[in-house]
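Below: one structure, written as structure tokens.
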Amino acid sequence: MKSTIKERKPTEVTLEITIDSNTVNNKLDEIYKKTVEELDLPGFRKGKVPKSFVKARFGDDVFYEDAQNELVEEYLPAALEENEINPVSEPETEIEDFERGEDFTFEASVEVMPEIELEDYKGVEVEDPGTEEVTEEEIEEKLQSLREENGRLVPKEDGVVEAGDRVTVSDPDGHTQEVEVSEDEDNPTSSLIGKSVGDEVEVSSEGSEEEEIELEVSDIKELELPEIDDEFAKDLGHEDLEALRTEIKSDLFEQKEDGRTDEIGDRILEKIIEKNDFSPPEKMLEKIVNDKVEETKQQIGSESFANLLEQEGKTEEDWVKDVEESTEEQLKQRLVLDKIAELEEIELSDEEFEEELEEQADRQGVNPIKFKNQLKANDQLESYRDSLTHEKVFEFLIDSANLIEKEDNDD
């Protein structure tokens with residue numbers, strides 16, 4: 001086999017590959033042998049039809065298409081490797097001539113990631129949005145959230161249903177279900193508000209506004225909330241309420257600081273892309289977009305997808321365009337981060353990766369080995385590692401950036 005790069009574009013490479021005539025002849029003979037083994041013609045035993053008869057009856061070129069396909073499938077990967085080409089889309093082949101006893105030459109075009117020559121990615125000047133102080137209102141909001149999380153459901157004696165209650169209802173067949181009552185009028189459970197145990201109510205069945213189901217209220221529970229005091233704090237593992245408030249304030253500030261860091265990183269990356277504009281591979285982008293659109297439709301269903309478009313006031317074409325733009329931006333960001341990691345030799349060691357896996361597993365409350373196996377099973381292990389490497393790249397970019405203090409416009 002001989003292979004040469006015939007044409008190279010920013011995101012596409014065309015190879016010319018030649019396979020010698022002996023290999024072509026052997027492949028045709030191989031295809032013939034496999035075919036006649038399955039050939040059943042009157043007057044011949046199965047698999048015993050002479051080659052000369054098959055050639056006279058059907059012609060040698062009856063095997064050409066299969067031979068071409070198998071030769072391309074066998075030799076194209078080797079040609080790509082030989083020329084150090086990493087394709088990101090399915091190859092498109094072009095075949096002019098194919099004959100027994102002659103060399104077989106074909107062209108194959110594949111998309112590749114563009115070679116990016118980055119400039120001015122260090123010392124990028126961006127405005128520092130700063131980190132806002134944590135307010136008392138935010139601390140109180142978090143305390144209320146913890147209070148609700150640690151509440152307990154208790155029977156609501158001689159009461160009526162209110163929003164937020166847990167109500168058990170039964171249908172005429174005796175099937176029961178517990179639901180959380182919503183005050184949203186579009187939610188079928190809102191019709192339970194004001195009802196008592198033993199009352200009956202008609203609700204619309206899911207997916208149909210015409211069919212009504214008669215349900216009976218058989219049990220009502222309400223959320224009993226604990227007092228926010230020192231005992232509440234101790235139940236959560238803190239010395240007293242003041243210690244709990246201090247930790248909440250610290251956690252909220254850390255979240256805001258993380259948000260500040262993310263925003264600075266996004267601003268830096270945006271400026272780098274503006275200075276080093278390029279386009280990702282077209283077919284690769286198209287496939288990712290199509291997959292995202294189809295995945296969304298399958299996950300939420302065609303009816304819900306139509307409702308989504310109506311809520312956003314968009315046509316499907318507009319929505320797909322938005323997906324395409326956001327996907328293109330994400331691809332550009334990934335390529336830039338990968339290139340900076342390469343230029344600055346930023347990488348994640350195996351030891352660092354294992355430590356990150358253990359920390360993430362601990363945050364999720366799962367076994368580290370199980371967490372790693374889940375990522376492998378979903379084919380996400382390498383992408384997760386890439387995301388951690390990108391975090392290190394962001395740290396490098398922020399450390400080297402020229403941060404300008406945000407101007408105070410409140411005067």
Side-chain angles (χ1 to χ4, degrees), residues 4-15 80-89 91 109-131 257-289 292 321-350 352-353 356 382-407 409:
T4 57
I5 295 177
K6 184 175 181 180
E7 185 178 15
R8 185 187 288 274
K9 299 176 182 177
T11 59
E12 186 178 82
V13 175
T14 300
L15 288 175
L80 292 170
E81 184 176 352
E82 182 180 283
N83 290 277
E84 298 181 344
I85 295 172
N86 297 311
V88 295
S89 65
S109 297
V110 293
E111 282 193 322
V112 294
M113 289 298 192
E115 285 292 330
I116 310 170
E117 299 295 334
L118 288 182
E119 296 179 1
D120 304 326
Y121 62 87
K122 297 179 187 177
V124 177
E125 185 176 293
V126 294
E127 183 181 80
D128 185 344
T131 306
E257 183 63 18
D258 288 344
R260 165 189 169 267
T261 301
D262 290 344
E263 187 172 345
I264 291 173
D266 290 341
R267 290 180 180 184
I268 293 171
L269 197 54
E270 185 179 348
K271 283 203 168 186
I272 293 172
I273 292 174
E274 284 177 1
K275 291 180 181 179
N276 302 274
D277 197 23
F278 59 92
S279 297
E282 188 177 324
K283 295 186 184 69
M284 177 188 183
L285 176 62
E286 183 180 349
K287 183 180 186 306
I288 295 174
V289 170
K292 282 185 176 181
K321 183 67 175 176
D322 289 345
V323 173
E324 184 178 334
E325 289 175 358
S326 64
T327 303
E328 182 175 5
E329 189 64 21
Q330 290 166 8
L331 275 175
K332 286 183 176 182
Q333 291 173 353
R334 193 183 92 193
L335 289 169
V336 167
L337 291 171
D338 286 344
K339 188 63 178 181
I340 294 173
E342 176 192 332
L343 294 171
E344 298 297 328
E345 299 181 350
I346 299 172
E347 55 185 28
L348 195 73
S349 68
D350 291 341
E352 288 175 316
F353 186 41
E356 290 285 353
E382 284 308 310
S383 61
Y384 181 61
R385 183 166 188 155
D386 287 343
S387 70
L388 295 174
T389 304
H390 289 168
E391 287 181 12
K392 295 183 74 171
V393 176
F394 272 120
E395 291 174 8
F396 165 80
L397 291 173
I398 293 171
D399 288 342
S400 68
N402 180 17
L403 301 182
I404 307 300
E405 188 175 345
K406 184 178 181 180
E407 293 184 9
N409 296 320

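Remember, it's a predicted structure, so these values are computed and weren't measured experimentally. When reading the values below, keep in mind they use all heavy atoms of this one structure, side chains included, and skip hydrogens, waters and symmetry mates. Note that the numbering runs from 1 along the sequence shown for the chain.
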Side chain to side chain donor-acceptor pair (under 3.5 Å) between Lys287 and Ser89, worked out: CA-CA 9 Å; Lys287 183 180 186 306; Ser89 65; over 6 Å; no

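A heavy-atom distance below 4.5 Å is found between the side chains of Ile272 and Ile340. The closest side-chain heavy-atom distance from Lys283 to Glu12 is below 4.5 Å. Contact check for Leu348 versus Glu391: no side-chain heavy atoms found under the 4.5 Å cut-off. Within the 4.5 Å cutoff, no side-chain heavy atoms of Val13 are placed close to those of Lys6.
Dense packing is recorded around CD of Glu352, with more than 12 heavy atoms of other residues, nucleotides or ligands lying under 6.0 Å away. Counting non-hydrogen atoms of other residues, nucleotides and ligands closer than 6.0 Å to CD of Glu127 gives a total above 12.
With respect to Asp128 and Arg267, no salt bridge is recorded, no charged nitrogen being found less than 4.0 Å from a carboxylate O. Salt-bridge check for Glu329 with Lys332: failed, with every basic side-chain N at 4.0 Å or more from each acidic carboxylate O. Checked for salt-bridge contact, Glu125 and Lys271 miss the test: no charged N lies under 4.0 Å from a carboxylate O.
Between Leu15 and the options Thr4, Ile85, Val110, a side-chain contact (heavy atoms from CB on, under 4.5 Å) holds for only Ile85. Paired with Thr14 under the rule side-chain contact (heavy atoms from CB on, under 4.5 Å), one option of Lys9, Glu7, Arg8 passes, and it is Glu7.
Inspection of the Glu257 and Thr131 side chains reveals an N or O donor paired with an N or O acceptor under 3.5 Å.
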